[in-house]
2 protein chains.
Amino acid sequence: MVRAGLTTERLVRAGAELADEVGFEQVTVSAVARRFDVKVASLYSHLKNSQDLKTRIALLALEELADRASEALAGRSGKDALGAFANVYRDYALAHPGRYTAARHPLDTETATAGAGVRIAQLTRAILRGYDLAEPDQTHAVRLLGSVFHGYVSLEAAGGFSHSAPDSRESWARILDGLDSLLRNWPAHP
Amino acid sequence: MVRAGLTTERLVRAGAELADEVGFEQVTVSAVARRFDVKVASLYSHLKNSQDLKTRIALLALEELADRASEALAGRSGKDALGAFANVYRDYALAHPGRYTAARHPLDTETATAGAGVRIAQLTRAILRGYDLAEPDQTHAVRLLGSVFHGYVSLEAAGGFSHSAPDSRESWARILDGLDSLLRNWPAHP
DNA sequence: CCCACTTGCCTAATACCTTTAGGAAGCTGC
DNA sequence: GCAGCTTCCTAAAGGTATTAGGCAAGTGGG
């Protein structure tokens with residue numbers, strides 16, 4: 001009996017690749033086992049269950065996203081930072097649709113607060129240092145940015161903008177212009 | 001043998017209720033059959049397959065959403081319309097989380113263009129009539145609004161804003177202020 | 001009224017996926 | 001070179017999806 005050398009790490013990584021290839025919903029313990037040419041039950045020494053696999057893929061994706069965002073943001077500020085961060089999001093979602101879907105997978109509170117999601121939130125807040133926003137407006141703005149990035153990228157991934165003019169990239173650029181403008185002129189509370 | 005009186009309509013409606021109760025992902029042909037106290041195979045006279053069921057639930061949700069939005073928008077314009085539309089979205093998502101998830105379910109192009117999704121897009125565009133935006137900026141703005149509404153509501157539904165100050169409603173209100181401001185002062189192309 | 005026909009729901013069967021229990025073969029260190 | 005842990009396996013039970021074929025409940029024409 002030749003051992004396949006399974007580890008949780010390798011299984012999760014394979015699951016992430018599978019997600020990008022066939023969609024996150026289609027990622028199954030069985031499919032990962034097939035990929036390693038191993039019986040399904042063998043994976044249960046490394047994974048608690050199917051949900052565990054999906055959660056770990058989600059955490060991997062969040063970490064990759066946070067790493068890229070962190071690197072892109074280094075040395076940038078203001079609109080430059082805004083655009084860099086936004087493009088990391090968009091590029092990641094387009095290059096790794098399955099992982100991106102995984103990153104949006106609902107996590108229970110403890111898992112979420114322990115994962116890289118909070119790093120992403122911190123980075124979003126860092127972008128706003130280039131704009132003059134005091135609390136609580138800063139938090140409102142963080143939520144706005146998160147919504148726009150996530151919303152746009154999801155709709156784009158779902159094909160929402162693919163069959164109509166103008167080009168999605170053009171809209172993306174103009175939306176970033178708009179956000180920059182809004183952040184510089186955030187309306188005072190009435 | 002007493003007949004249960006199954007119809008595609010009733011099955012889809014039951015599926016939608018089930019989605020709101022246990023989540024759209026948990027909606028299964030078997031679960032719907034149980035709800036009617038009927039054998040699973042019986043549903044296949046009314047539904048093509050599991051995917052068909054989910055697609056029909058998605059279309060139902062889109063239609064309900066479009067109906068509500070249409071009603072809310074009647075007689076309103078400008079920021080008033082923007083707020084009314086946004087609140088329909090948010091309220092629907094909070095009241096019917098499963099249906100809302102269903103509404104975001106990816107549809108193939110033909111199904112999507114035949115469904116109520118296009119009505120929603122048209123309504124979004126109608127809101128912008130209250131602002132002075134020419135094409136292609138109008139389309140960019142439609143995409144921005146769609147992204148913000150969808151993004152915010154998804155993040156909120158996933159619990160993103162639930163355990164932190166300020167209150168989510170407050171952010172929502174201030175984000176709508178921000179969007180209104182941005183639409184009134186849409187930056188000219190550099 | 002009843003016979004034929006259509007329709008609605010059923011049984012049966014196949015094929016996956018998930019998960020647990022328990023066993024055997026490989027590796028590691030003494 | 002063997003004790004013990006680890007890795008992977010076989011076996012089994014239970015759930016979901018889907019198809020094929022059957023019987024009984026409604027329906028319409030003679």
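Each chain gets a letter, A, B and so on, in the order its sequence line appears, and its residues count up from 1.
Contacts classified as side-chain hydrogen bond (donor to acceptor under 3.5 Å, both in side chains) and involving residues 133-142 of chain B (residues at least two apart or in different chains) are given here: Ser171(A)-His140(B), Arg174(A)-Asp137(B), Arg125(B)-Glu135(B), Arg125(B)-Gln138(B), Arg125(B)-Thr139(B), Glu135(B)-Thr139(B), Asp137(B)-Trp186(B). Note on residues 100-122 of chain A: pairs passing salt bridge (Lys or Arg N to Asp or Glu O under 4.0 Å), not counting sequence neighbours, are Asp67(A)-Arg119(A). For residues 38-53 of chain B, the salt bridge (Lys or Arg N to Asp or Glu O under 4.0 Å) pairs, not counting sequence neighbours, are Asp52(B)-Arg56(B).
Comparing dC8(D), dA17(D), dC10(C) against the side chain of Ser50(B) picks out dA17(D) as the nearest.
Across residues 99-107 of chain A, not one residue has a non-hydrogen atom less than 4.0 Å from an atom of DNA chain D. Heavy-atom distances under 4.0 Å link DNA chain D to no residue of residues 51-59 of chain A. The stretch residues 11-32 of chain B has no heavy atom under 4.0 angstrom from DNA chain C at all.
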Short N/O separations, protein against nucleotides 10-14 of chain D, under 3.5 angstrom:
none

For residues 14-29 of chain A, tabulate all N or O donor-acceptor pairs below 3.5 Å that involve a side-chain atom, not counting sequence neighbours.
unit_1: Glu17(A); atom_1: OE1; unit_2: Arg35(A); atom_2: NH1; d: 3.4
unit_1: Asp20(A); atom_1: OD1; unit_2: Gly98(A); atom_2: N; d: 3.0
unit_1: Asp20(A); atom_1: OD1; unit_2: Arg99(A); atom_2: N; d: 2.9
unit_1: Asp20(A); atom_1: OD2; unit_2: His96(A); atom_2: ND1; d: 2.9
unit_1: Asp20(A); atom_1: OD2; unit_2: Arg99(A); atom_2: NH1; d: 2.6
unit_1: Glu21(A); atom_1: OE1; unit_2: Arg35(A); atom_2: NH2; d: 2.6

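Counting side-chain heavy-atom gaps under 4.5 Å among Ile, Leu, Val, Met, Phe, Trp and Tyr, Val118(A) is found in no cluster with other residues.
Side-chain N/O atoms of His46(A) include one lying less than 4.0 angstrom from OP1 or OP2 on dC8(D).
For Arg129(A), there are no salt bridge (Lys or Arg N to Asp or Glu O under 4.0 Å) partners at least two apart in sequence or on another chain. In this view, Ala93(A) and Tyr100(A), Val153(A) satisfy the side-chain contact (heavy atoms from CB on, under 4.5 Å) rule, not counting sequence neighbours. For Asp167(A), the salt bridge (Lys or Arg N to Asp or Glu O under 4.0 Å) test picks out Arg169(A), with sequence neighbours left out.
Linking Ile, Leu, Val, Met, Phe, Trp and Tyr whenever their side-chain heavy atoms come within less than 4.5 Å leaves Leu47(A) and Leu59(A) in two separate clusters.
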